[in-house]
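Letters A, B, ... are given to chains in the order of the sequence lines, protein chains preceding strands, and every chain is numbered from 1.
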Amino acid sequence: MEKKFVRGFNLSKTLESGQFFNYYSLDQQGYLVVDGGCFFEVRQENEKILFKGNCSEEHIIHLFSLDKPYDLILKSISKDNNVGKAISDNYGLRIMRQDLWQCVISFICSSVSNVPRIRSNIIHLSELFGKKLSNDGYAFHLFPSFDTLCKVDEKDIAKAGMGFRAKYVKEAALWFSEGRHLGLKNLNHSMAREHLMEIKGIGRKIAECICLFSLGFDDAFPVDVWIKREMERMYFKGKSTKIDEIESFGKEYFGRYCGWAQEFLFHNARTRKN
DNA sequence: CTGCAGGTGGGTA
DNA sequence: TACCCACCTGCA
């Protein structure tokens, strides 16, 4: 196991916050994390993370955004008691930057769905089409490549249980195999979002998720029904408000790290009792 | 059994 | 532009 000292990081909260789906719980608060073709075992002991796998420390730092100025970010989005409380309840939660292809498929699967089901879709896709590996006496699968999935029949993709989204998964695989994703990392936020929306099954909200959870645009602000309800309650006196209006309010109010504010509010709304 | 869920695309006025 | 509704499937 390699070790790394970390501050302002909570592994469990980050992995289980609904931004990332390809992980398995192991014994002793450990996880197996799969990020595209990369995998590692990881666990946290206070301000130390222990990890072992086929990817570098740099990859893990990038994946968990450990290179970003956490306390500065928190300070910049701490506008009021609503976010302040969400932050203190979830200190250590970070935005990840996961493998682009895996992120695209995960969020295509997210429409009108829920976290357990999205995880199930991703894991089934991996079991059906991803490379099988063994590690310390257990087996798991890498996430299948787009080159693999673009040769698979849509009907077979659907066996992973994503229903009507299977055709969008297939379309995304073809889009990637044509190399359409290659320039994405050089585009600015709004160009990248527009480009992603060329894929059927990716609209505004999912494109923003990919910008935030893979491409590292800290000012992406996806508005789903959870955030919508939460922000209507907090900032619009409970009045039903258009998604566009909530998005522009969020960007204006929270500033260049508004995506991080979104994640804290989202997590807060989703885990609230009752 | 019915109804609904972390959106989107396609159709209509 | 602004609505409406079907869409797979799992789970209440």
How close or far is atom [atom2] of [N] from atom [atom1] of [X], stated in whole angstroms?
| X | N | atom1 | atom2 | value |
| --- | --- | --- | --- | --- |
| A:Asn114 | C:dA12 | CG | P | 10 Å |
| A:Arg117 | B:dG7 | CZ | P | 13 Å |
| A:Asn121 | C:dG10 | CG | P | 9 Å |
| A:Lys159 | C:dT9 | NZ | P | 12 Å |
| A:Ile105 | B:dG7 | CD1 | P | 18 Å |
| A:Ile243 | C:dA2 | CD1 | P | 13 Å |
| A:Arg204 | C:dA2 | CZ | P | 14 Å |
| A:Ile210 | B:dG7 | CD1 | C1' | 12 Å |

- Query: Angle class for the A:His195/A:Trp175 ring planes (parallel below 30°, perpendicular above 60°, tilted otherwise)?
  - Reply: tilted
- What is the ring orientation for A:Trp226 with A:Phe266, classed by angle as parallel under 30°, tilted 30 to 60°, or perpendicular over 60°?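 Because their plane-to-plane angle is over 60°, the rings of A:Trp226 and A:Phe266 count as perpendicular.
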- Query: Starting at the 5' end of DNA chain B, which residue's closest nucleotide do you reach first, A:Tyr168 or A:Phe266?
  - Reply: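 The 5'-side residue here is A:Phe266.
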- Item | Nucleotide of C:dC3, B:dA5, B:dT8 approaching A:Ile206 most closely (side-chain heavy atoms) |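 Given the options C:dC3, B:dA5, B:dT8, the side chain of A:Ile206 is closest to B:dT8.
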- Taking only the side-chain heavy atoms of A:Lys200 (C-beta and beyond), determine which of B:dG10, C:dC8, B:dT8 contains the nearest atom.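 Nearest to the side-chain atoms of A:Lys200, counting from C-beta on, is B:dG10.
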- Message: Need the pair for C:dC8. Rule: Watson-Crick or G-U wobble, both distances under 3.5 Å, any strand; none if unpaired.
- Response: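 Partner of C:dC8: none found under 3.5 Å.
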Would you say the ring centers of [X] and [Y] fall short of 6.0 Å from each other?
| X | Y | value |
| --- | --- | --- |
| A:Tyr23 | A:Phe140 | no |
| A:Phe40 | A:His59 | no |
| A:Phe236 | A:Phe249 | yes |

What is the nucleic acid contact for [X], judged by heavy atoms within less than 4.0 Å: base, sugar-phosphate only, or nothing?
| X | value |
| --- | --- |
| A:Phe107 | nothing |
| A:Ser110 | sugar-phosphate |
| A:Val112 | base |
| A:Ile227 | nothing |

- So A:Lys228 and A:Glu232, salt bridge (charged side-chain N to carboxylate O under 4.0 Å, His left out) or not? Walk me through it. CA-CA 6 Å; A:Lys228 183 173 185 294; A:Glu232 282 169 351; 2.7 Å; yes
Could I get a table of every N or O pair under 3.5 Å where one atom is in the protein and the other is in nucleotides 2-4 of chain B?
none

- Item | A:Lys167 side chain near C:dC8 phosphate (N/O to OP1/OP2, under 4.0 Å) |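 For C:dC8, OP1 or OP2 has a side-chain N or O of A:Lys167 closer than 4.0 Å.
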- How far, in whole Å, is C:dC8 from B:dG11 if one measures between their P atoms?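 Looking at atom P only, B:dG11 and C:dC8 are 15 Å apart.
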- Message: Is it true that A:Ser65 and A:Tyr70 share a donor-acceptor pair across their side chains at a distance under 3.5 Å?
- Response: no
- Message: Under a 3.5 Å distance rule, please check whether A:Asn46 uses its side chain to pair with a backbone N or O of A:Lys48 as donor and acceptor.
- Response: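 No; zero donor-acceptor contacts below 3.5 Å.
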